[in-house]
Amino acid sequence: MKKARKYFENKNVLITGGSSGIGFSIAQELMQMGASVCLLARNQEKLEEAKHKLQVLAVKPQQTVEILSADVADTERLCEIIPAYLKDYPVPDVLINAAGVARPGYVEELDLDIFKWTMDIDYHGTVTMTKLLLPHFLERGSGHIVNFSSLAGVLGVFGYTAYSGAKFAVRGFTDVLRAEMKPRGINVSIVYPPDTDTPQLAWESQFKPYETHIIANSDKPISAELVAHSVLKAVSRKKYAIVPGIDAKLTYLLGTTLGNLVYPIMDILVSSAIKKKKKANK
């Protein structure tokens, strides 16, 4: 990680969803590398707690930890606080769009509001933050945007219609963003994490259909620290597609190389899970 440490040293990094989970783990590692961070999240109390924990990790006196309380789904609020923040602080060198939510369930049982809520946070939140900072990146001629999709944005996961739809949207947006920004000196990366041991995963697990639990339990969740380490290492190398974890890399490879052949494999997994469900209900 020597190259990553050198890359992020003295950098300013803005992280959405930075008060917990993967975003907070990224912030912790960045502080230990000598970077300054700004965390954007909804809960002011959690932000204050995260700030306190991060400040003690600083390795240089000039490092700072700033916090912004906002919901990335609230475009009006973001359009107020981001310009105000940029009046007092340097334009971030790196934007990490890590804020995200998931609410699994059978598609026929999910309210339409859940689809809108998920898309507003996972997709529109990513787009809004990117749009607000991008003009400053372009004016400066440098910057790095890191968007979070998911393995559910590579393969449609049973029980995750709302989440997969939003994460596929992030993938499409980021693919085009990369193509447009590369000739203009702006780096873009996209992260495809598998199930990760975070408060979000713990919360959503209560809503997972039986079949999803069976399919997902074939892989144990990886740690947020592992994801953070993988992301920062890859970003320092200006890598585009980032897939943390060995098992996740295999899934990503299958999903991106097999084409339509992946569907029979998914059908077999679902069929097996349905049989187990029937046996359990007897």
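Note: Lys278 NZ to Lys276 NZ = 14.5 Å, rounded to the nearest 0.5 Å. Note that CG of Asp195 is 13.5 Å distant from NZ of Lys220, once rounded to the nearest 0.5 Å. Taking CG of Asp74 as the reference point, atom SG of Cys79 lies at 9.0 Å (rounded to 0.5 Å). In this structure, CD1 in Ile67 is found 12.5 Å from NE2 in His52, a value given to the nearest 0.5 Å. Lys208 contributes atom NZ, which lies 11.0 Å from atom CD1 of Ile214 (distance to the nearest 0.5 angstrom). The CG atom of Leu39 sits 7.5 Å away from the OG atom of Ser19 when rounded to the nearest 0.5 Å.
Test Thr174, Asn147, Thr128, Thr126 against Asn97 for side-chain hydrogen bond (donor to acceptor under 3.5 Å, both in side chains) and you get one pass: Asn147.
Taking the side chain as every heavy atom from C-beta outward, Ser150 and Tyr192 never approach each other to under 4.5 Å. Using a 4.5 Å heavy-atom threshold, the side chains of Ile15 and Leu40 count as separate. With a 4.5 Å cut-off on side-chain heavy atoms, Asn12 and Tyr89 do not count as touching. Within the 4.5 Å cutoff, side-chain heavy atoms of Val191 are placed close to those of Pro244. At least one side-chain heavy atom of Thr130 sits under 4.5 Å from a side-chain heavy atom of Phe173. Taking the side chain as every heavy atom from C-beta outward, Leu47 and Ser69 approach each other to under 4.5 Å. Annotation: side chain of Arg42 is in contact with side chain of Ile121 (closest heavy-atom distance under 4.5 Å). Counting heavy atoms from C-beta on, the side chains of Val13 and Pro92 never come closer than 4.5 Å.
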Yes or no on salt bridge (Lys or Arg N to Asp or Glu O under 4.0 Å) for Glu49 and Lys53, after CA distance, side-chain angles and deciding distance?
CA-CA 6 Å; Glu49 184 180 345; Lys53 291 179 179 178; 3.2 Å; yes

Glu45 vs Glu48, test: side chain to side chain contact (heavy atoms under 4.5 Å, CB included). Steps then yes/no.
CA-CA 5 Å; Glu45 186 177 339; Glu48 295 284 357; 5.8 Å; no

Would Lys167 and Ser164 satisfy side chain to side chain contact (heavy atoms under 4.5 Å, CB included), going step by step from the backbone distance to the final call?
CA-CA 5 Å; Lys167 290 304 186 179; Ser164 278; 5.8 Å; no

With side-chain hydrogen bond (donor to acceptor under 3.5 Å, both in side chains) as the criterion, how do Asp175 and Tyr240 come out once you've worked through the C-alpha distance, each side chain's angles and the decisive distance to 0.1 Å?
CA-CA 9 Å; Asp175 276 357; Tyr240 175 60; 2.5 Å; yes

Apply side chain to side chain contact (heavy atoms under 4.5 Å, CB included) to residues Leu110 and Arg103 and explain how you reach the verdict.
CA-CA 9 Å; Leu110 292 176; Arg103 168 56 163 90; 3.6 Å; yes

Could you please spell out the steps behind the side chain to side chain contact (heavy atoms under 4.5 Å, CB included) verdict for Leu254 and Leu155?
CA-CA 9 Å; Leu254 293 174; Leu155 292 170; 5.7 Å; no

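Remark: the backbone N or O of Val101 is not paired with any side-chain donor or acceptor of Gln200 at under 3.5 angstrom. Thr118 places no side-chain N or O within 3.5 Å of a backbone atom of Ala102 that could act as its donor or acceptor partner. Under a 3.5 Å cut-off, the side chain of Gln32 and the backbone N or O of Ala58 do not form any donor-acceptor pair. Although no hydrogens or angles enter the test, the distance criterion places a donor-acceptor pair under 3.5 Å between the side chain of Gln63 and the main chain of Lys60. Here the side chain of Arg184 pairs no donor or acceptor atom with the backbone of Ser142 at under 3.5 angstrom. In this structure, Gln206 contributes its side chain and Trp203 its backbone to a donor-acceptor pair below 3.5 Å. Ser272 places no side-chain N or O within 3.5 Å of a backbone atom of Ile268 that could act as its donor or acceptor partner. Although no hydrogens or angles enter the test, the distance criterion places no donor-acceptor pair under 3.5 Å between the side chain of Glu29 and the main chain of Ser25.
Grouping the Ile, Leu, Val, Met, Phe, Trp and Tyr side chains by contacts below 4.5 angstrom, directly or via other members, places Trp117 with Met129. Both Ile114 and Val107 belong to a common hydrophobic cluster when Ile, Leu, Val, Met, Phe, Trp and Tyr are linked at side-chain heavy-atom distances under 4.5 angstrom. Under a hydrophobic-cluster definition in which Ile, Leu, Val, Met, Phe, Trp and Tyr are linked whenever side-chain heavy atoms come within less than 4.5 Å, directly or via other members, Val188 and Leu132 are assigned to the same cluster. Both Val72 and Tyr85 are part of a single hydrophobic cluster, where members link through side-chain heavy atoms under 4.5 Å apart. Under a hydrophobic-cluster definition in which Ile, Leu, Val, Met, Phe, Trp and Tyr are linked whenever side-chain heavy atoms come within less than 4.5 Å, directly or via other members, Val127 and Leu138 are assigned to the same cluster.
Other residues, nucleotides and ligands contribute only 12 or fewer heavy atoms inside 6.0 Å of the NZ atom of Lys275. Heavy atoms of other residues, nucleotides or ligands lying less than 6.0 angstrom from NZ of Lys46 number 12 at most. The environment of Ile246 atom CD1 is sparse: at most 12 non-hydrogen atoms of other residues, nucleotides or ligands sit within 6.0 angstrom.
In this structure, Lys11 is positioned above the aromatic face of Tyr7, its NZ or CZ under 6.0 Å from the six-membered ring centre and within 45° of the axis.
Residues Asp122 and Ala166 approach most closely at CB-CB, 3.8 Å, considering heavy atoms. The nearest pair of heavy atoms linking Ala41 to Gly18 is CB-N, 4.4 Å. Summarising the geometry of Ser36 relative to Gln62, their closest heavy-atom pair is OG-O, 4.0 Å, with the distance given to 0.1 Å. Closest approach of Val94 to Ile96, counting heavy atoms only: CG1-CG1, 3.9 Å. A pairwise comparison of heavy atoms in Val91 and Arg140 identifies O-NH1, 3.1 Å as the closest pair. When all heavy atoms of Leu78 and Ala70 are compared, the pair lying nearest together is CD2-CB, 4.0 Å.
Qualifying salt bridge (charged side-chain N to carboxylate O under 4.0 Å, His left out) partners for Lys277, counting only residues two or more places apart in sequence or in other chains: Glu211.
In this structure, Val157 shares a hydrophobic cluster with Tyr160, Tyr163, the cluster being traced through Ile, Leu, Val, Met, Phe, Trp and Tyr side chains under 4.5 angstrom apart.
For the residue pair His144/Ser189, the side-chain donor-acceptor check at 3.5 Å is satisfied.
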